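Read through the structure below, which is laid out as structure tokens, and then see the notes.
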Amino acid sequence: MRIYHMTEQSYAPAWDKHQGSLRVNLPNALCEPEVASALFHRYYDDWMLADRLGLDIFINEHHATATCMCSAGVIPLAILARQTTRAKLLVLGYPIGNRPDPLRAAEELATIDVLSRGRLQMGFVKGVPYELPVANLNPVVLMERFWEAHDLILKALSTHDAPFNWEGEFFHYRHVNVWPRPWQDPHPPVWVTTASPSNAREIARRQHVMATMGTGYATKVVNMAYRESWEQMGWGTAPIDRFAYLGLVAIAPTEAKARARAETIASYPRTSGVVHPPFANPPGFFSVEANVELMRAGGRPKPRTFTRDGRAVSTSKGSVQDLIDAGIMFCGTPAQVVDQIIEFSEAVGGFGHLLAMAQAGNLSREDTAENLTLLATEVMPKLRAYVAEKGMVIAAAAE
Amino acid sequence: MDQHAAAGFLSVRDQPLEADQRGTGAPILYLHGEAGPDRDAPFLQLLTASGRVVAPSHPGFGNSPLSASITGIDDLTYFYLDMIEQMGWTDLSIVGVGLGAWIALELATSGTNRIGRLALIDAVGVKISDRTTRDIADIFALTDEQIADLAWADPALGLPALTTAPDQLLYDRARARETTARYAFTPYLHNPKLKRRLHRVRVPTLMLWGAQDRITLPAYGAAFAALIPGARFALIDDAGHYPQLEQPAVVARHVQDFLASSRS
């Protein structure tokens, strides 16, 4: 079990100043550069601590939003490649379907892999719907463009004998020749996020790590699709290191203190969807059938998050207890959190990477440091011991 | 839902194309706009006073299937050029609305001599203002209520009760939004090259514009019309972006008069 520290690098000081939208159309007059700078430096301090504690590091990016100031994941990756010494550096991810120039992405990623001496984990994401209005590339053909960019990047990173030619549906290059070539051979491990069984099958066929983020108990369906597809390829049982799950994590010496910390971390799901509604539904992102259903339901989407016993939970309005019950958050003393993670992992088919959102919103430097320290020193050893003892039994239990 | 019940289908390039065909006489091709086919609109019936109206749902709209070979307005233009030849139409009258008017102009600038005249309504397709001024409201950044407010002189007409509407209406709306984006998301609802090709429109052209249209302002329409040699521009009162739906009789009279005068 590897555990990654994740923060959205939010600009929380603007969160109470929006007029119905924290994304795409929130004026950046609400951003004070001095405040942003102090926040950035503080988030880097958290990552440096994570590295010292033996945790890995997970970077992401969003655009035109106060929920996440990082608009280019490769910037912190590059800095951390130089400043940290041992942590895996996971970008999850690089929204390659939203970028006009995947060759540039391959060059950036190869450089970071070399600089970090082979610690890069290369995550590619479709991205959330609100990314598309800013990217301005056609959202209707996003996944076709995503997979072409993916294919090009992997070929660019693993071709060493000569420049090659690429004249595809979306991208055109006549001299692809990446310098430096990546440290890892044939290329850094690839991760892809999804919440859908059909994408899960596609990811399995490519043997990439599949990450689900905040999908709660619905993770099981996606994990099972991946496992089935893997088995159908004749590869046996999919190893547990092919599965990653993002959960919110709030740990403290006492349950009461952990709950208080959790209230602050819950500001993430409570603000994440605050966006002018059309930006949450770009054309083609959801199917025609799903849109017909949405109109029929008066614009109210069906619940997607459930507790283990099937109770629908709102991630934006639910209580901390709701989030814990739905497997969105792991919260309590170290012992309670170990139990929650094992219980959840067994229920959804197991995962070998825990992506821990251990900082969100206004969670202070001190609270984050204690959260990370307990995660690394109290929780991680017990989870590792559990995986070492039980191994693939985690997967079997859910089948 | 029986997708084939609402209208008949033509076969163009071996591809099924839903088409409402009504009336007799000289051919009138009606090209619908970005909001989707104007299913059973009174305007289509009124147009039959001037000839045989053929109103296809563009591939990807209404019940017409998508085609892998059509990914943009240029492909759609070649598709309709094929259709015009296949139908054997000459001296064809085209009535185009919004995105359909854009297609009509691509057809007219393409070099075919089978087109006799163009009646265009609240067209999109060219860039008029400077690069930081949006000519066409970003429909993908607006709620249904905001779109209705900008697109209709009477916004209530633009807000049907969707929870109780027929399946076909919801399906038409969902497909129109997706397929418009498929063909024209970026550059947004225009072809940057069309402006410098409009001198090639060599047929009589009428451009009608809803006086209350705030999706594409009348000033955009007037500047657009000025780029088309000899085009006549007229405003339709008490109408927004869809004058053919809000003022069908007035628009039909303008179009009928124009078709009659340009045929003689």
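The analysis underlying the following values was restricted to heavy atoms, covering all of them including side chains, and did not include hydrogens, waters or symmetry mates. Model, not experiment: these values are computed from the prediction.
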Any side-chain to backbone donor/acceptor pair from [X] onto [Y]? Under 3.5 Å, distance only.
X      : Y      : value
B:T186 : A:N136 : yes
A:N291 : B:A174 : no
A:N138 : B:A181 : yes
B:R182 : A:V140 : no

Given a strict heavy-atom distance threshold of 4.5 Å, which part of [X] is in contact with chain B: side chain, backbone, both, or neither?
X      : answer
A:V288 : both
A:F286 : backbone
A:P282 : backbone

field: Closest non-hydrogen atom pair between B:T163 and A:R296, with its separation
entry: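 In terms of heavy atoms, the two residues are closest at O-NH1, 3.2 Å.
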
- prompt: Which heavy atom of A:P283 sits nearest a heavy atom of B:E178, and at what distance?
  reply: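 Smallest interatomic distance, heavy atoms only, reads CB-CA, 4.1 Å.
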
Can you confirm whether more than 12 heavy atoms, excluding those of [X], are under 6.0 Å from its [atom1] atom?
X      : atom1 : value
B:K193 : NZ    : no
B:R134 : CZ    : no
A:R205 : CZ    : yes
B:E145 : CD    : yes
A:F306 : CZ    : yes

Top of B:T143, B:D144, B:D138 for chain A proximity - count of heavy-atom pairs under 4.5 angstrom: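 Of the candidates given, the most pairs with chain A belong to B:T143.
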
field: When B:L170, B:T71, B:L169 are compared by non-hydrogen pairs under 4.5 Å with chain A, the top option
entry: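 Highest number of heavy-atom pairs under 4.5 Å: B:L170.
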
- line: Ranking A:V24, A:L137, A:N281, A:L294 by heavy-atom pairs under 4.5 Å to chain B gives rank one to A:N281

- prompt: Is there side-chain contact between B:F140 and A:P278, with heavy atoms separated by less than 4.5 Å?
  reply: no

- request: Measure distances from B:T164 to the heavy atoms of chain A and classify the residue's part below 4.5 Å as side chain, backbone, both or neither.
  value: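 Just its backbone gets close to chain A.
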
query: Say you draw a straight line from CZ of B:R177 to CE of A:M295; how long is it, rounded to the nearest 0.5 Å?
result: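 Going from CZ on B:R177 over to CE on A:M295, the span is 9.0 Å.
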
field: Residues of residues 62-70 of chain A contacting chain B, heavy-atom criterion under 4.5 Å, by residue number
entry: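 At a heavy-atom separation under 4.5 Å, chain B is reached by no residue of residues 62-70 of chain A.
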
